[in-house]
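By convention here, the first residue in the shown sequence is residue 1.
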Amino acid sequence: MWLDQFEFAGFYVAVEKGFYKDVGLEVELKKYDPSMNILEEVLNKNADFGTSSSSLIVDKSNGKDIILLGSIFQSSPLILLALENSNINYIEDMKNKSLMITQEQQKFATFKSMINSKGVRIEDLKVLEHSFDVDDLINKKTDLMLAYSTNEPFLLKEKGFKSKIFDPKDYGFDFYEEIIFTSKEFALNNPKLVKDFYNATIRGWEYAFENIDEVAKLVYEKYNPQNKTLKSLIFEANEMKKLVYDKHGKIGTITPERINLIINTYRVMGLIENDIDIDDLIYTEHLDNTIYLSNEEKKYLKEKKKISVCVDPNWMPLEKIENGKHIGISADYLKVVENIIETPIVLVPTKTWTESIQKGKNKECDIFSLVMSTPQRETYLNFTKSYLEIPLVLASKVDAPFINDLSHIKNKKLAIVKDYAYAELLKIKFPDINFIDVLNVQEGLTLVEKEKVYGFIGSLLTVGYQIQNNYIGQLKISAKFDETFNLAIGVRNDDLTLLTILNKAILNISEQQKQEIINKWVLINVQKEINYTFLNKVLVTLLIFIVIFVLIYREYLLKKLNKELLEKVAVEIHKNEEKNRILIQQSRMASMGEMLENIAHQWRQPLSTISVCASGMEIKKELEQLSDEEFFQSIKHIKQSTTYLSNTIDDFRNFFNEEKTINKINLKELINRTLDLVSPSFNTHNIKVIKEIEDIHFLSLENELVQVLMNILVNSKDALKLSKKIDEDRIIFINAQKRENKIVIEVKDNANGIDEKIIDKIFEPYFTTKHQFNGTGIGLYMSKLLVEKHLKGSLKASNTSFKLNKNSYKGAIFTIDIPFEDEVV
């Protein structure tokens, strides 16, 4: 660490390729030596920027005036390394062993958290000055050394020795590493310089990983005091590549959620005592849609003047040609790209996707707006990074069973759009299935409706859009497959410059912009469905009045008309119930992946807390320093963590449990239990809850009520995070009592209220205002459905103003009314 190698390739590239000079900067890379304290070098103005570990968070808590710009490693490569034959099998075996580590590294919280979680302290080890030479492991000069998974294990392998790795990630400590930082004072005084330096640096890293062989050779020839082999540098680069990209394919990401997890871990470890303002720690002024183009790329766009695009003319909501214009999700993405590169993107009109494909093969268009890579397409196209990932689904009649594998329907006919990428891939994967080519999605779904084919295979967005607009009560989504539609921009394979430019543009589209695009087209879908539903209700009401009128004048038709009316009503009721059942099931299925991911994400920290508390008690007990207060405090942490783990399982199980059991409920206990589930998140975001709850018992569906309350509380939390800074008052009020024959629960916050333009839409399915794909738009819709259909009550939302401690506030108020019953009828 800190010695020249591929670990710093992005900085070398930014210097050597002139990326810093392109933005008017001269950058000197200062070499590290063991006597140097990197943090103090920056704070004492001997350097303007530095890179270090997640321990910078501890430094911030101790009052150091620093801010974080970005992290090169999303997961730390930092490991403890021993030889395989060292007889060190567990961290506990490290006591009294020798360890090579620098003074700077001894402060690294990633390393300390891992060994402390197993009851080992730095004082239990024989600390040696780090030589950064794996020969010292081989020659038994040391038993262990702090190393990088991207580096030393390969060096040992080159010398014929196998290694044993102790990775903090395996113990629940997955932190950032190689964080670029500066002083807050420097950033505030030089915002343009900070932005230019950071973006040129990230540009260097992007180039380094796109040209590994070239850059590895540069490091080998010019930045190689360790005399590493070219092979080892290439290995290091490829191992680093696994650790540097975030889930959106970007380098440098730091998120408040991840930083909060690290802070909580450090706090449990006793490394942090003071509060940290996340907004004061993570610097964001340098992040926007600006991309840095080389002189060659700028010249290319200037001479190109415009970019021609081929699209699918009938693929809503993804895209469509309507009245000669390109509309849909991909069209909105291209508008953002167009603004970023400041070059117009012009539509090439076509009538079918097959025609578009042919024009692409003939080089009549520079790009395809939204395509998936296939072996056949790779003969004439290159592909940017994916910007939409959509699950593949099967649509069938509403009475068809759900399936999870296409091989289960070998003998059925399945429609699929001709020349779509997944059509080519599925035909290879499932040669026994009878695939029927169709021109577009509507033709395929119509064949399913007429029972000429068993099902239609398409993307979740397009199939869902068509079913909700044209096939409600007739078709349903009966399968979701492992295959996903990874969609990107396709670029002529003879134009590598344009490919590079578009990749840069896609990587700089913000998550907020992405979510706004998705929301725009999903909202249109929902609105149309609601209009049709309203029309159906009007028609049914009109029919009933006509029947009554006929009955008055044609009494002799009474029996016959009654029979027909009852049959029609029964069919309509059945259709509506089936439609609701399908929508709820699809909503739950859509939430399943998100819930599983959240549970896995939430479990890691409590498990680490349990481990840390247990090992801490063990050490203090051995040293006879364990006080009763510390013992009971640790036991409290462990019990809270295990309860939290158990509750996440129960919540998940209850969410999919269709059995409805009426229980005797204590109102106060139920609300307190619900608050316990969300309290860790509330505490992290400095949210205060004020309660006025009547202590009464009543009969109701407990799980449903808990689920509704959690949805409302989480929405309030998200609203407070967006509208209030961490040091401002963030308040949620809960008032629950019996009024006449009702239980009335009011939840209000001081998050400035709901925009009046959307307040009437918040209970609509799929409507969401949350960014970064965090919102499904299902929570409030399902809450209203549960309250009205299952709890036989009502759920309403409005804006309100109120005072507290002489301060005036404005916020939203959600009111739940459910019948009060205390005896089984």
Value rounded to 0.5 Å, distance of CZ in R258 from CG in D246: 10.0 Å

Go through N711 and S783 one step at a time and tell me if the side-chain hydrogen bond (donor to acceptor under 3.5 Å, both in side chains) criterion holds. CA-CA 7 Å; N711 280 334; S783 296; 3.0 Å; yes

Heavy atoms only: give me the nearest Q74-Y176 pair and the separation to one decimal. OE1-CE2, 3.5 Å

Say you draw a straight line from CD1 of I506 to CD1 of I340; how long is it, rounded to the nearest 0.5 Å? 9.0 Å

If you measure from CD on Q737 to CG on D695, what distance do you get to the nearest 0.5 Å? 13.5 Å

For F814 and I762: C-alpha separation, side-chain torsions, deciding distance, then whether side chain to side chain contact (heavy atoms under 4.5 Å, CB included) applies. CA-CA 11 Å; F814 287 82; I762 62 172; 4.0 Å; yes

What are the two closest heavy atoms between S798 and I759, and how far apart are they? CA-CD1, 3.9 Å

Given side chain to side chain contact (heavy atoms under 4.5 Å, CB included), test T815 with I745 step by step and report yes or no. CA-CA 6 Å; T815 305; I745 304 173; over 6 Å; no

Looking only at heavy atoms, what is the nearest atom pair of M316 and Q466, with distance? O-NE2, 4.3 Å

Do any N or O atoms from the side chain of K60 and from the backbone of D280 form a donor-acceptor pair under 3.5 angstrom? yes

Distance only, no hydrogens: is a donor on one side chain within 3.5 Å (strictly under) of an acceptor on the other, for N799 and E756? yes

Checking the side chain of S71 only, and the main-chain atoms of E177 only, is there a donor and an acceptor separated by less than 3.5 Å? yes

Taking the side chain as C-beta and beyond, is there a heavy-atom pair between F820 and K738 under 4.5 Å? yes

Using modelled atom types and a 3.5 Å cut-off, is there a donor and acceptor pairing between side-chain atoms of R730 and backbone atoms of K688? no

Provide the closest heavy-atom pair for I254 versus L69 in the form atom of the first, atom of the second, distance. CD1-C, 4.5 Å

Strictly distance-based, threshold 3.5 Å: is any side-chain N or O of D755 a donor or acceptor partner for the main-chain N or O of I758? no

Closest approach of L795 and V787, non-hydrogen atoms and distance? N-CG1, 3.9 Å

Would you find a donor on one side and an acceptor on the other, under 3.5 Å apart, between the side chain of N339 and the backbone of K335? yes

Would you mind telling me which of I696, L791, I816, I665 makes a side-chain contact (heavy atoms from CB on, under 4.5 Å) with I743? I696

State whether Y245 and K385 meet the cation-pi test: NZ (Lys) or CZ (Arg) under 6.0 Å from the six-membered ring centroid, and within 45° of the perpendicular axis. yes

Tell me whether K748 forms a cation-pi arrangement with F802, defined as NZ or CZ under 6.0 Å from the six-membered ring centre and within 45 degrees of its axis. yes

May I ask you to check whether S386 and N486 show a side-chain donor-acceptor distance below 3.5 Å? no

Determine whether L670 and L709 make a side-chain contact, defined as any pair of heavy atoms from C-beta on separated by less than 4.5 Å. yes

Supply the atom-to-atom distance F181 CZ to K64 NZ, rounded to the nearest 0.5 angstrom. 11.0 Å

Can you check side chain to side chain contact (heavy atoms under 4.5 Å, CB included) on L720 and I732, steps first, answer last? CA-CA 9 Å; L720 287 166; I732 292 177; 3.7 Å; yes

When rounded to the nearest 0.5 Å, the distance separating CD1 of I693 from CD1 of I671 is 4.0 Å

Looking at D275, I want to see if its CG is surrounded by more than 12 non-hydrogen atoms of other residues, nucleotides or ligands under 6.0 Å. no

Do I263 and I259 have side chains that approach each other closer than 4.5 Å (heavy atoms only, starting at C-beta)? yes

Without hydrogens or angle criteria, can the side chains of S61 and N274 be said to hold a donor-acceptor pair below 3.5 Å? no

Return yes if some donor-acceptor pair links the side-chain N/O of E788 with the main-chain N/O of S794 below 3.5 Å, else return no. no

Before giving the answer on side chain to side chain contact (heavy atoms under 4.5 Å, CB included), spell out for K724 and N752 the whole-Å C-alpha distance, their side-chain angles and the decisive distance to 0.1 Å. CA-CA 9 Å; K724 299 287 184 182; N752 298 329; 3.8 Å; yes

Does a donor on one side chain sit under 3.5 Å from an acceptor on the other, for Y809 and D729? yes

Residue pair I282 / I67, side-chain heavy-atom distance below 4.5 Å: no

Among L281, N62, I66, whose side-chain contact (heavy atoms from CB on, under 4.5 Å) with I57 holds? L281

Would you indicate whether the side-chain heavy atoms of I327 and D332 approach each other to under 4.5 Å? no

Charged N to carboxylate O below 4.0 Å: is that the case for E746 and R739? yes

At their closest point, which heavy atom of E728 faces which heavy atom of S723, and how far apart are they? OE1-O, 4.2 Å

Is the number of heavy atoms from other residues, nucleotides or ligands under 6.0 Å of K721 NZ greater than 12? yes

If only side-chain N and O atoms count, and only distance matters, is there a donor-acceptor pair under 3.5 Å linking K691 with N672? yes

Validation row: I690, L804 side chains within 4.5 angstrom (heavy atoms): yes

Are V194 and Y283 close enough that some pair of their side-chain heavy atoms sits under 4.5 Å apart? yes

NZ (K810) and CD1 (I754) are apart, to the nearest 0.5 Å, by 10.5 Å

Checking N807 side chain against K803 main chain: does a donor-acceptor pair fall under 3.5 Å? no

Pair D749 + K717, salt bridge at N-O below 4.0 Å: no

Non-hydrogen side-chain atoms of F175 and S53 separated by less than 4.5 Å: no

